[in-house]
Asks: 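A single structure is presented below for examination.
Here is how names work: the chains are called A, B, and so on, in the same order as the sequence lines, proteins then strands, and each is numbered from 1. Just so we're clear, the structure is a prediction, and the values are computed from it rather than from any experiment.
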Amino acid sequence: MTKTNSGNFFEDFTLNQTLIHATPRTITAGDVALYNALYGARFALQSSDEVAKVHGFKQSPIDDLLTFHVVFGKSVPDISLNAVANLGYAEVLFEREVYTGDTLSATSIVIGLKENSNRKTGVVYVKTTGINQRGEVILSFIRWVMVNKRDETATIIELVPTFKKSLAADDLKIKLQGNVNKALSGSPYITLDYTVGEKIDHADGVTVEEAEHMLATRLYQNTAKVHFNAHAQSTSRFGKRLIYGGHVISHARALSFNGLGNGWRLAGINAGRHINPLFAGDTIYAWSEILEVTPHALRVKTIATKNQDCKTYPDANHENAILELDYWVSFAG
Amino acid sequence: MTKTNSGNFFEDFTLNQTLIHATPRTITAGDVALYNALYGARFALQSSDEVAKVHGFKQSPIDDLLTFHVVFGKSVPDISLNAVANLGYAEVLFEREVYTGDTLSATSIVIGLKENSNRKTGVVYVKTTGINQRGEVILSFIRWVMVNKRDETATIIELVPTFKKSLAADDLKIKLQGNVNKALSGSPYITLDYTVGEKIDHADGVTVEEAEHMLATRLYQNTAKVHFNAHAQSTSRFGKRLIYGGHVISHARALSFNGLGNGWRLAGINAGRHINPLFAGDTIYAWSEILEVTPHALRVKTIATKNQDCKTYPDANHENAILELDYWVSFAG
Amino acid sequence: MTKTNSGNFFEDFTLNQTLIHATPRTITAGDVALYNALYGARFALQSSDEVAKVHGFKQSPIDDLLTFHVVFGKSVPDISLNAVANLGYAEVLFEREVYTGDTLSATSIVIGLKENSNRKTGVVYVKTTGINQRGEVILSFIRWVMVNKRDETATIIELVPTFKKSLAADDLKIKLQGNVNKALSGSPYITLDYTVGEKIDHADGVTVEEAEHMLATRLYQNTAKVHFNAHAQSTSRFGKRLIYGGHVISHARALSFNGLGNGWRLAGINAGRHINPLFAGDTIYAWSEILEVTPHALRVKTIATKNQDCKTYPDANHENAILELDYWVSFAG
């Protein structure tokens with residue numbers, strides 16, 4: 001009996017099973033600095049304790065995506081260590097801010113299982129909840145991943161869950177207070193300055209390096225093997241390390257400062273899809289379309305591309321599209 | 001009307017214009033750790049809270065160049081997003097220390113404008129001031145950059161400012177107190193051990209990687225495009241990403257520990273010039289010449305080179321010279 | 001007389017000489033975050049302040065290897081700047097935990113000297129002790145390095161010291177308290193679940209990048225030239241930068257979570273040996289054999305390899321073996 005943990009395979013999951021994920025994680029100012037150095041975000045709320053206080057926070061809260069990645073990372077050893085692919089996210093709801101010193105932990109419930117027709121893999125649907133050291137819910141989300149079976153002949157009780165195509169504005173828990181200082185925030189626009197259908201090119205491109213995405217993914221304690229092992233990946237389909245999809249999301253979000261500079265917090269993610277893989281040496285660009293405008297939040301669709309600028313707003317079908325993300329972003333007033 | 005910010009062009013500046021730069025930035029222990037990991041500085045004042053207390057500080061102050069880069073970075077989106085080149089620095093005066101928890105913000109005044117004869121570009125001179133959350137001045141500096149014009153036919157009121165060739169010892173605001181413990185500081189020399197004209201080879205060489213300079217430049221929230229986008233740079237003059245000049249300054253300063261180990265704080269920079277560009281894969285070396293000796297500070301000229309050691313003290317005209325920096329460094333007594 | 005420090009050569013050392021190493025170092029949350037991002041450790045004690053409190057700590061202590069690397073790094077400018085090779089470690093005894101805010105400093109005593117028969121090099125044996133700001137001993141260790149002579153004809157008084165092949169369980173100072181929460185720790189095994197002779201493949205592989213090992217080695221303020229200077233190394237035996245051996249130890253330790261997840265603290269290192277050099281682009285794997293089982297600690301031998309997985313437990317004689325480490329690891333009960 002080996003003590004090496006080889007992770008769960010498709011037939012190891014059962015409907016309504018609860019998984020308590022390992023390794024609670026205290027978030028520190030060091031994590032925040034690394035996150036900033038990796039993505040270069042410039043949103044004033046997360047950059048300045050002084051700005052944060054003006055808007056009713058005790059200090060700058062953690063970037064919501066750092067929270068997401070840490071909670072997501074906790075679920076990897078139990079859910080997706082043997083994943084073939086991360087297929088999607090839905091109903092990602094941010095409920096509460098995280099400060100340095102808070103400790104995050106996570107649990108998941110298996111809400112769906114569907115074997116693929118080749119009987120070699122199946123799709124596992126989980127709802128994951130991240131809590132802080134006081135047991136308060138920080139965020140929850142649904143994701144589904146394709147996982148290898150250990151034994152092709154194994155059978156399993158199946159259920160495909162239903163979930164919302166999009167969170168409604170009324171579902172959101174995050175609402176920013178106070179009036180933004182537009183000179184200090186770097187953007188003159190509040191929600192009502194945007195119109196549905198408006199397109200924004202985020203202009204800049206950023207090239208990704210092996211060292212960067214591995215530092216990021218380890219910071220999140222995400223152990224998915226395909227990101228770290230060039231030796232094993234040399235015989236894989238792509239022949240090289242794959243970059244964690246969340247790394248792309250964080251870069252796209254940081255790029256979106258140019259055009260969405262007062263959109264300080266993520267309130268929810270309605271749908272996320274990694275269209276093509278990203279590799280070290282590729283350059284990420286992004287653009288956004290405004291889907292809904294409310295007084296406190298915009299619903300935005302961001303498309304990220306690789307090695308292709310976004311001046312012509314390439315859509316999710318473009319051969320260089322890598323990410324389509326439909327989300328709610330809360331604005332300071 | 002797009003919401004994408006494409007930065008200021010030469011004709012967007014006017015004499016005596018004040019620019020309030022965006023995104024105040026709270027400095028943390030995380031920023032300091034990253035700075036240390038990027039450059040490997042070993043000056044005892046910044047390394048040890050215990051040493052700092054002996055010399056009258058409440059804890060280790062932030063490295064003065066980290067302060068400089070953060071304040072400089074704030075000015076980039078307004079001043080040099082469309083810069084062709086950073087031409088120089090002058091009258092960089094450090095006035096006050098920064099501790100973790102302090103929040104830096106910055107403003108600039110346009111003090112000079114001069115169109116180039118080709119009418120495609122012009123030189124913008126600004127005086128930038130960085131303050132903390134109490135409004136106290138931390139540092140100020142003059143810099144000038146060559147910026148593209150949007151419209152060749154645009155005309156502008158011109159003025160070339162004058163400034164000091166060098167700060168005098170009496171201009172300096174930083175003076176260190178207390179006697180240095182030479183065993184713990186790693187250097188036996190105080191100011192009066194140096195002589196004018198003395199040359200010091202800083203001996204070590206350090207190779208720079210793409211991931212490192214991008215982490216650094218993002219840590220400073222410096223958004224200059226040429227540092228990040230390999231895809232766009234592939235069609236540029238150099239065909240690749242350029243390394244932020246400040247990254248070279250920080251490496252040269254860290255190397256200077258070997259020979260100037262008790263020169264704990266920058267008091268001022270008289271003149272700075274980036275002679276040649278640096279690219280990932282290049283190795284930085286540096287040497288220094290002592291220009292002036294005073295009881296509390298040395299005026300030093302440091303030359304950095306690439307892929308060329310400094311045993312023979314190559315000057316600024318050497319084909320591999322990359323930096324010439326004339327500055328005042330304050331010593332513990 | 002140059003002010004450039006060129007380090008000590010073999011004949012500069014004398015028996016029983018005490019060296020006070022420079023640059024005390026205050027450890028911060030930033031250092032910890034970088035360490036985590038570099039290696040991806042997931043041991044619950046170091047990851048969560050809440051877990052640490054349950055086991056009697058005021059907060060998460062620093063990873064013991066971060067402490068080791070910082071103390072080791074302090075000794076480099078005095079001991080091994082002119083080292084040809086790090087030959088070994090022995091009697092590494094961890095005595096006390098380090099928290100963020102603590103300041104580490106180090107001294108070494110020369111306990112042995114042995115010239116090599118070629119008269120060009122000699123072996124220096126030192127016992128190095130790291131203390132905190134209250135003067136309490138944090139750890140001590142013996143190491144020996146081959147150092148160049150400045151002058152082949154120089155003679156020196158020789159002594160080869162003796163030391164323990166292994167620390168005994170009774171020698172150890174670190175003992176963890178309290179019962180581990182196995183769901184949160186990520187491992188179901190405590191010491192008595194292991195058996196002598198048991199082998200554990202740590203399964204994962206991690207590829208190392210130039211940027212990463214240089215960030216790490218600078219974080220430890222370790223200045224050994226061979227790690228940083230590609231320009232100078234291009235004419236060396238290997239033609240490229242060598243990776244600090246401690247970087248390999250930290251990676252092997254992080255990989256060992258898979259199989260030794262409740263082995264939260266290093267109590268001692270009996271023997272360490274770098275078998276082959278590691279270079280950027282190589283992938284590290286590791287496996288462990290249980291050498292001794294006691295109620296509170298396991299004695300473990302870990303072998304790390306490069307570009308060779310450890311499914312077949314390759315031993316120290318394997319051509320791709322890079323590290324053999326014999327150590328005591330303390331478990332939560």
Asks: Report which part of C:His21 has an atom under 4.5 Å of a heavy atom belonging to chain B: side chain, backbone, both, or neither.
Replies: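 Only the backbone of C:His21 comes within 4.5 Å of chain B.
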Asks: Verify side chain to side chain contact (heavy atoms under 4.5 Å, CB included) between C:Thr121 and C:Phe10, making sure each step is shown before the conclusion.
Replies: CA-CA 7 Å; C:Thr121 56; C:Phe10 181 64; over 6 Å; no
Asks: Of the non-hydrogen atoms in C:Phe72 and C:Phe141, which two are nearest, and what is the gap between them?
Replies: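 Looks like CA-CZ, 4.0 Å.
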Asks: Kindly indicate whether the side chain of B:Asn262, heavy atoms from C-beta on, has any atom under 4.5 Å from the side chain of B:Trp264.
Replies: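 Contact flag for B:Asn262/B:Trp264 side chains = yes.
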Asks: Under a 4.5 Å heavy-atom cut-off, does chain C meet the side chain of B:Phe257, its backbone, both or neither?
Replies: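 The answer is the side chain of B:Phe257.
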Asks: List in chain and number order the residues that pass salt bridge (charged side-chain N to carboxylate O under 4.0 Å, His left out) with B:Arg241, two or more places apart in sequence or in another chain; answer none if no residue qualifies.
Replies: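 If we apply the salt bridge (charged side-chain N to carboxylate O under 4.0 Å, His left out) test to B:Arg241, skipping adjacent residues, the hits are A:Glu209, B:Glu210.
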Asks: Taking side chain as everything from C-beta outward and backbone as N, CA, C, O, which of these in C:Leu215 sits under 4.5 Å from a heavy atom of chain B? Side chain, backbone, both or neither.
Replies: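 Backbone plus side chain of C:Leu215, per the 4.5 Å heavy-atom cut-off to chain B.
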Asks: Between C:Thr28 and chain B, which part of the residue has a heavy atom less than 4.5 Å away: side chain, backbone, both or neither?
Replies: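 Contact with chain B is through the side chain of C:Thr28 alone.
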Asks: Where do B:Tyr220 and B:Arg25 land on the side chain to side chain contact (heavy atoms under 4.5 Å, CB included) test, with the steps shown first?
Replies: CA-CA 9 Å; B:Tyr220 314 140; B:Arg25 171 81 152 85; over 6 Å; no
Asks: Heavy-atom pairs under 4.5 Å with chain B are the metric here; pick the option from C:Asp78, C:Thr223, C:Asn5 that has the most.
Replies: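 The residue among C:Asp78, C:Thr223, C:Asn5 with the greatest pair count is C:Asn5.
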Asks: Heavy-atom distances under 4.5 Å only: say whether C:Thr2 touches chain B with side chain, backbone, both or neither.
Replies: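 Looking at C:Thr2, just its backbone touches chain B.
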Asks: Mind checking whether C:Leu104 and C:Ile131 have side chains closer than 4.5 Å, heavy atoms only?
Replies: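 No, their side chains stay 4.5 Å or more apart.
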Asks: Check whether C:Ala33 gets within reach of chain B through its side chain, its backbone, both or neither, counting any heavy atom under 4.5 Å.
Replies: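 The answer is neither part of C:Ala33.
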Asks: Does any non-hydrogen side-chain atom of C:Tyr244 lie less than 4.5 Å from one of C:His213?
Replies: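 No, every pair of side-chain atoms sits at 4.5 Å or beyond.
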Asks: Over all heavy atoms of both residues, which pair between B:Val180 and B:Ala332 is shortest? Give the atoms and the distance, please.
Replies: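 Taking every non-hydrogen atom into account, CB-CB, 3.8 Å.
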Asks: Contact between C:Thr107 and C:Thr128 at the side-chain level, heavy atoms closer than 4.5 Å - yes or no?
Replies: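 No. Closest side-chain heavy atoms not under 4.5 Å.
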Asks: Please list, in residue-number order, every residue in residues 194-206 of chain B that has a heavy atom less than 4.5 Å from any heavy atom of chain C; write 'none' if there are none.
Replies: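 Residues B:Tyr194, B:Glu198, B:Ile200, B:Asp201, B:Ala203, B:Asp204, B:Gly205, B:Val206 are the ones that qualify, each having a heavy atom under 4.5 Å from chain C.
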Asks: Are B:Tyr313 and B:Trp287 an aromatic pair, judged by ring center distance below 6.0 Å?
Replies: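 B:Trp287 vs B:Tyr313: aromatic centres under 6.0 Å.
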Asks: Side chain, backbone, both or neither: which part of B:Asp193 has an atom under 4.5 Å from a heavy atom of chain C?
Replies: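 Contact with chain C is through both the backbone and side chain of B:Asp193.
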Asks: At a 4.5 Å cut-off on heavy atoms, which part of B:Ala41 comes close to chain C: side chain, backbone, both, or neither?
Replies: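 Contact with chain C: backbone only.
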